[in-house]
Amino acid sequence: MKPVLILFLAAQVATSTANAHTGVQDDEVLARMDGMSAIAKEMKIIGKMLKGTAQFDPKAVDAALSAIGDEAERIPALFTPRATDPKSEAKPIIWESFEDFSDKANALGAVTDELKGQILYAPDLAPLMQEIGQTCRACHTQYRVSD
Ligand code: HEC
């Protein structure tokens, strides 16, 4: 596994376990954070198979990909309200470049659609995580504070 990928996975796990959404007051911010956490949870299911701590199961991979795709579809709607919260990591530029932001959400959905049914062997998992991870990063580097 490439160091970049390991770092990425570690960062996602750290974020989602450290952040239990404590102290978030705005419901709309909370809803979009919950959406992201749901995505991260599905990524972890695949990540465990990649690391070998869970058995490779192509059906479970497809289920996770479907769930990530469904969440990706919800991203533009979840971020439509220009909601803020002191705990939010969303950059204000999202709402100045909302079309591009939505395109990046659609890119995640497109990748999960494309990969569904294609992951037949465990060695397919590393390129899958890399491909999906790139779409997460493409959005986070531009639109999320901590990345
Ligand atoms: C279209 C843009 C976009 C895409 C694609 C995207 N994210 Fe995010 N993500 C964000 C933004 C913006 C935030 C910050 C939201 C906030 O704090 O208000 C965020 C926050 C998060 C968080 C922190 C949630 C919390 O509890 O505060 C996690 C975890 C996360 N994303 C994981 C992922 C993973 C994994 C992927 C890819 C499978 C992904 N994201 C794809 C934009 C995106």
Side-chain angles (χ1 to χ4, degrees), residues 1-51 53-54 56-58 60-119 124-147:
M1 218 192 301
K2 289 192 177 152
V4 173
L5 179 59
I6 294 168
L7 278 177
F8 169 73
L9 289 171
Q12 296 307 324
V13 172
T15 312
S16 50
T17 47
N19 191 339
H21 304 157
T22 33
V24 179
Q25 278 155 23
D26 188 281
D27 285 346
E28 286 167 336
V29 170
L30 201 56
R32 71 194 187 207
M33 284 178 170
D34 283 346
M36 284 295 157
S37 298
I39 292 178
K41 207 178 114 212
E42 299 297 335
M43 287 290 275
K44 248 182 279 174
I45 292 173
I46 304 175
K48 278 188 188 160
M49 291 183 215
L50 178 61
K51 280 188 283 184
T53 54
F56 175 65
D57 174 356
V61 173
D62 279 350
L65 288 172
S66 291
I68 295 168
D70 290 348
E71 283 298 333
E73 229 172 90
R74 294 173 67 225
I75 293 175
L78 283 171
F79 280 83
T80 295
R82 195 178 175 143
T84 54
D85 188 282
K87 299 265 180 181
S88 173
E89 294 175 338
K91 287 187 187 168
I93 195 183
I94 290 172
W95 294 278
E96 277 133 52
S97 324
F98 202 74
E99 214 178 297
D100 178 66
F101 180 80
S102 301
D103 283 349
K104 288 186 162 48
N106 294 337
L108 172 58
V111 165
T112 55
D113 278 355
E114 181 194 304
L115 292 171
K116 236 181 289 169
Q118 304 293 317
I119 309 303
D124 298 334
L125 290 174
L128 169 146
M129 285 302 262
Q130 205 137 23
E131 220 180 311
I132 295 184
Q134 270 164 13
T135 66
C136 313
R137 266 195 309 275
C139 188
H140 287 174
T141 44
Q142 251 179 293
Y143 298 114
R144 184 182 170 199
V145 174
S146 61
D147 282 316

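For this chain, numbers begin at 1 and follow the sequence in order. We count ligands from 1, going down the list as the structure has it; atoms in each ligand are counted the same way.
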key: Residue pairs, two or more places apart or on separate chains, that pass salt bridge (charged side-chain N to carboxylate O under 4.0 Å, His left out) and touch residues 63-72   = E71-R74
message = Going by the closest heavy atom to atom 20 (C) of ligand 1, which one wins out of M33, E42, M36?
response =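 The residue whose heavy atom sits nearest atom 20 (C) of ligand 1 is M36.
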task = Run down the list E28, Q142, H21 and name the one with the heavy atom closest to atom 26 (O) of ligand 1.
result =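 It is H21 whose heavy atom sits nearest to atom 26 (O) of ligand 1.
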task = Tell me, with the steps shown, if I46 and I119 meet side chain to side chain contact (heavy atoms under 4.5 Å, CB included).
result = CA-CA 11 Å; I46 304 175; I119 309 303; over 6 Å; no
Under 4.0 Å from a heavy atom of [X]: which atoms of ligand 1 are those, numbered in the order shown and with their elements?
X	answer
I94	12 (C)
S37	26 (O)
A105	1 (C)

Using a 4.0 Å heavy-atom cut-off, which part of [X] comes near ligand 1: side chain, backbone, both, or neither?
X	value
F101	both
R144	side chain
I132	side chain
K91	neither
D85	neither
A90	both

message = Return the CD1 to CD distance between I132 and E42, rounded to the nearest 0.5 Å.
response = 10.5 Å
task = Could you tell me the separation between the NZ atom of K87 and the CD atom of Q25, rounded to the nearest 0.5 Å?
result =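 Taking NZ in K87 and CD in Q25, the distance rounds to 9.0 Å.
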task = Please assess S97 against Q142 for the test side chain to side chain contact (heavy atoms under 4.5 Å, CB included), listing each intermediate value before the final yes or no.
result = CA-CA 10 Å; S97 324; Q142 251 179 293; 6.0 Å; no
ask   = So, R82 and E96, do they make that salt bridge, N to O below 4.0 Å?
value = yes
Do ligand 1 and [X] have nitrogen or oxygen atoms that lie under 3.5 Å from each other?
X	value
K87	no
Y143	no
K104	no
T135	no

query = Can you name the ring pair (Phe, Tyr, Trp, His ring centres under 6.0 Å) partners of F79, sequence neighbours left out?
reply = F101
message = When you compare the side chain of M43 with that of I68, does any pair of heavy atoms fall below 4.5 Å?
response = yes
query = How is the N/O/S atom of H140 that comes nearest to atom 8 (Fe) of ligand 1 named?
reply = NE2
message = Is there a side chain to side chain contact (heavy atoms under 4.5 Å, CB included) between I75 and M36? Walk through the geometry before answering.
response = CA-CA 9 Å; I75 293 175; M36 284 295 157; 3.7 Å; yes
query = Do any of the N, O or S atoms of C139 sit under 2.8 Å from atom 8 (Fe) of ligand 1?
reply = no
query = Counting heavy atoms not belonging to E99, are there more than 12 under 6.0 Å from its CD?
reply = no
inquiry  = On a heavy-atom basis, which atom in A107 and which in T135 lie closest, and how many Å separate them?
reply    = O-CG2, 4.2 Å
query = With a 4.0 Å cut-off on heavy atoms, does V24 reach ligand 1?
reply = no
